Amino acid sequence: MIRRHARTLMPLAALAVGAAAGTVALAGTAGAETTDIVRTGAGEDGYSSSSRPTYNFGASDTLVAGRAGGDTMVTYLKFTVASPGAGVTVKNARVTLTRESRTLPSALTLSKVASTTWTEKTLSAKNDPALGAAVSTVKPKSDAATVTFDVSAVVKSAGTYTFAVTSKVANTPARFRSSEAAAGRPSLNLTVVRPAATPPATKPPATTPSKPPATTPPTTPPTKPVEATPTTPANCVVDAKLVPSCGVLWGAAAGGFSDVPRDEALKTFEQKTGRTSTVYHTYHKGDELFPTKDEIAMTSDPANPRTLMLNWKVGYGTKWANVAKGDQDARIDRLSTFIKTNYGTRKFFMVLHHEPENDVVATAGSGMTAKDYAAMFRHTVLRMKANGVTNAVFVVAYMNYEKWNNSPWWGDLYPGDDVVDWVGVDTYNNAQPGGFHTGDFNYMMNRTTDKAKFPGWYTWATTNHPAKPIMVAEWGVYDSSPTVVGKNKADVYATVLPQLAKMPQIKGLVYFETAKDQNGHDIRMDDTPEALAGFRKIAADPRFNVKL
C-alpha cells in the first residue's frame, strides 16, 4: 500500500532557518530583509459531479473541473497556513495545478469557499460547499503544463483556506493531478518576507593563535525526492492457488463477439501490446468439453508461458437450483473426466457462471435466486473435487453494477470461502466525458451510489474477504465515438498503474478486448494511437513479470 503523501504546510516561523529547511532564498544580504518561497500541498482535495450526486472521488488521483454534456464538475482544494513568526509577512500567494493529458478549457475560475469543514472522504455534489466570490480567472493555453491562480488577495496570514475551481466552457472539462498522484500535486506557493536578523555580538580577536577549527564536510543540499517506479523482483512465482508471491498476473480475453479464433486474437493482442498474456481467458457452456486442443496448445508454448481461465456456465439450459440438486451431475462428471485425461494436473482458473447478477430472479422458488446460484457454485466445486479434479482454482466473478450491488439479495450470491479461491469482478469504464460510468481506475474498482448500502466493490472484497486474492477477471475502457473522444481511453489508462499500486489485494488483471460488444461498445485498446500508447505503458510495467 502506498502511503498517503504528507500535505502539511511548514510554519512560516520556520523560514528563519533558510534554505536548509526547504525554503529557497531569492534575495537578501546580511542585515537586510530576506524573501523566501515556501510550498505546501493541499490538506484536502476532491471534486463533485452533478450527474453523480452521491459519488465521492476523494481517493482519485485526478481532479476534474468543468462541464461535459449535462454534468458539471467542481474541484475543491483546502490549504492550511500555520502561524507566522514575528515580523514574517506574506508578500503573495499562488495556487498551482498540474494538467493531465486532456486539453484545458479556454477559461478557468478559482473562487473562495467559506466552509472549511468538508473532507475529501465525504465530498459529493449532494453535500458540496457553496461557492463564494471569484478570486482569480485565468485563460490558459490548451496544452499548458500547469495553471496558476493568484490568491494573494485572500491568503495574507495564518488560517485554513478553501477554494473551488470551475469552468463554464462546454464539453471541455479540465483534468488536474490530485494529492493522490505520484507527482505534480496541487500546491500553494507563498512568497514571504522575513525581517533582517539581529547581528550577533562580536568578540575581540584572540591575542594568541588558536587551533584551526575542525573542518566539517559540506552538507549536501536537500534534493527533491524521486518517485520510485514500482518494480517486481525477478523471482515472483505462483503458489498452488496461482497466487503470485509478488506482482500481478497479466491476462486478456481478446477478440470477443467476433468470428476470429480466440487463440489467433490473443496472439494479435499480445503482439500489439508487447507482452504475453499470462492468463488466457476463454468461455464455455453446458455440455461443451474443454480445454480445447487450441487452448491446450496456447498453454504449451515454452516461449510464451500462459495459464487458462476457463469460464463455464454449467447451468446452461437449466436452472441453478437444478444443478445444486444434482440434475446435471452427469455433465459435471463428464467434464471432470475430460479435464483429467487431457489436461493432467496443470493448474488453471475456473470461473463458474460469471456475472450472475443479470440472471437472478429474486422470486422464491424460481430456481434462479441468489441463494440458488451460491448452491450451484458449491455443488459444482465439491463434485469436481470429489471427481479428482485437483488442479482447478475456482473464481467467483461479479458484475460490479451499482443497481445489483445495492440490491438486498446481492450478498447471498457468495458461495463460501471453502469453495472460492479467488474473488473476481468484471468492471468497465466509459471514455465518453460525462457519460455513464466515466472515471479513473479507482472509480472502476470502487464506484458506488450509496455507501450505506454498498461501499464499493474493492472495499467490500477486502473488508469481507481479506484473505482472498482479487482477480479482475474482465476490465476495459469503451467509447462509442473514438474519432472524437478516443484519446480519453489514454486518460483512463494513465490512472491504472498508480492506482493499482494502492490496491495490493488485486493479484490478477485481465483485459476484455472487442471491437463491438452486445451494446455496441468499442473496447479495443488500440482504436487510437494515444490509447495504444497508454495501454502499452501499462503492459510494460515490471510488476507483471510473474513466472508461472
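As the structure is a computational prediction, the values presented were derived from the model and not from experiment.
Closest non-hydrogen pair, Thr119 versus Thr122, comes out as OG1-OG1, 3.0 Å.
To the nearest 0.5 angstrom, Asp522 atom CG is 4.5 Å from Asp527 atom CG. Atom-to-atom distance recorded for Asn171:CG and Asp71:CG is 10.5 Å, nearest 0.5 angstrom. The CD atom of Glu44 lies 9.0 Å from the OG1 atom of Thr162; values are rounded to the nearest 0.5 Å. Rounding to the nearest 0.5 Å places CG of Leu413 at 7.5 Å from OG of Ser407.
Here Asp526 does not pair with Arg536 in a salt bridge; the nearest charged N to carboxylate O distance is not below 4.0 Å. Glu100 has a carboxylate O that lies under 4.0 Å from a charged side-chain N of Arg175, or vice versa, which qualifies the two as a salt bridge.
When only modelled atom types and interatomic distance are considered, Thr54 and Thr449 share no side-chain donor-acceptor pair under 3.5 Å. At a cut-off of 3.5 Å, with distance as the only test, no side-chain donor of Ser136 or Asp150 sits close to an acceptor on the other residue. No hydrogens or angles considered: nothing links the side chains of Ser48 and Ser124 as a donor-acceptor pair under 3.5 Å.
Checked against the 6.0 Å centroid threshold, Tyr401 and Trp457 do not count as a close aromatic pair. Checked against the 6.0 Å centroid criterion, the rings of Tyr398 and Trp404 do not qualify as a close aromatic pair.
For Asp440, the side-chain hydrogen bond (donor to acceptor under 3.5 Å, both in side chains) test picks out Ser60, Gln499, with sequence neighbours left out. Here Asp426 pairs with nothing under the salt bridge (charged side-chain N to carboxylate O under 4.0 Å, His left out) rule; sequence neighbours left out. For Phe79, there are no ring pair (Phe, Tyr, Trp, His ring centres under 6.0 Å) partners two or more places apart in sequence or in a different chain. Among residues two or more places apart in sequence or in another chain, the side-chain hydrogen bond (donor to acceptor under 3.5 Å, both in side chains) test is passed with Thr172 by none.
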Stepwise side chain to side chain contact (heavy atoms under 4.5 Å, CB included) test for Tyr493 and Leu532: CA-CA 9 Å; Tyr493 293 153; Leu532 180 58; over 6 Å; no
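Of the listed residues (Ile538, Val546, Asp541, Asn545), just one forms a side chain to side chain contact (heavy atoms under 4.5 Å, CB included) with Trp250, and that residue is Ile538.
Listed by first and then second residue, the ring pair (Phe, Tyr, Trp, His ring centres under 6.0 Å) pairs involving residues 424-443 are Tyr55-Tyr443 (not counting sequence neighbours). Pairs of residues two or more places apart, or lying in two chains, never qualify as ring pair (Phe, Tyr, Trp, His ring centres under 6.0 Å) while including a residue from residues 127-162.
The closest side-chain heavy-atom distance from Asn405 to Trp460 is not below 4.5 Å.
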